[in-house]
*Asks:* 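Encoded as structure tokens, here's the structure I'll be asking about.
These numbers come from a predicted model, not from an experiment.
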Amino acid sequence: MDLGLGGKVYVVTGASRGLGLAAATVLAAEGAYVVLAARDATSVAAAADRLGAVGVAADLADAATPDRLIAAALEAYGRLDGALVSVGQAQGRPGRRPADAD
């Protein structure tokens, strides 16, 4: 299938496993350049290596992360065409109540 993504540059978060990795894999297979982001440095590096992509250890709970990911895309590929934000459930964040706290 040709989705017309060849040569485009995307940032994908949560990209070391699950839906994020699946999306990054499809983008790369379609010829897009991908910057993978995930919290675990080892996992994101391994995923990036498999896809021929750039990997960045990053946590979206950090307000500086979006700027870091944009900078990584610009440094590696000279532009950014889009982003796919895939994040898992966060536990214990300030302002969040556990599901069973009723």
*Asks:* Return the set of residues passing side chain to side chain contact (heavy atoms under 4.5 Å, CB included) with I70 (not counting sequence neighbours), or none when no residue passes.
*Replies:* L74, L80
*Asks:* A side-chain contact here means heavy atoms from C-beta on lying under 4.5 Å apart; do L51 and L21 qualify?
*Replies:* yes
*Asks:* If we ignore hydrogens and angles and just use 3.5 Å, is the side chain of S86 paired with the main-chain N or O of G14 as donor and acceptor?
*Replies:* no
*Asks:* Identify the two heavy atoms, one from A15 and one from A38, that lie closest to each other, and give their separation to 0.1 Å.
*Replies:* N-CB, 4.2 Å
*Asks:* Keeping the roles fixed (side chain from D40, backbone from S43), state whether a donor-acceptor pair exists under 3.5 Å.
*Replies:* yes
*Asks:* Kindly give the heavy-atom pair with the smallest separation between A28 and V34, and that separation in Å.
*Replies:* N-CG2, 4.0 Å
*Asks:* Looking at L36, V56, T13, which one forms a side-chain contact (heavy atoms from CB on, under 4.5 Å) with V44?
*Replies:* L36
*Asks:* Check for a donor-acceptor pair, side chain of R68 on one end and backbone N or O of A57 on the other, with a separation under 3.5 Å.
*Replies:* yes
*Asks:* Which residues pass the side chain to side chain contact (heavy atoms under 4.5 Å, CB included) test with L5, sequence neighbours left out?
*Replies:* L3, Y10, L27, E30, A32
*Asks:* Only pairs at least two apart or in different chains count here, so list each side chain to side chain donor-acceptor pair (under 3.5 Å) that has a residue in residues 69-81.
*Replies:* R79-D81
*Asks:* Minimum heavy-atom separation for A23 and L84, please, with both atom names.
*Replies:* CB-CD1, 3.6 Å
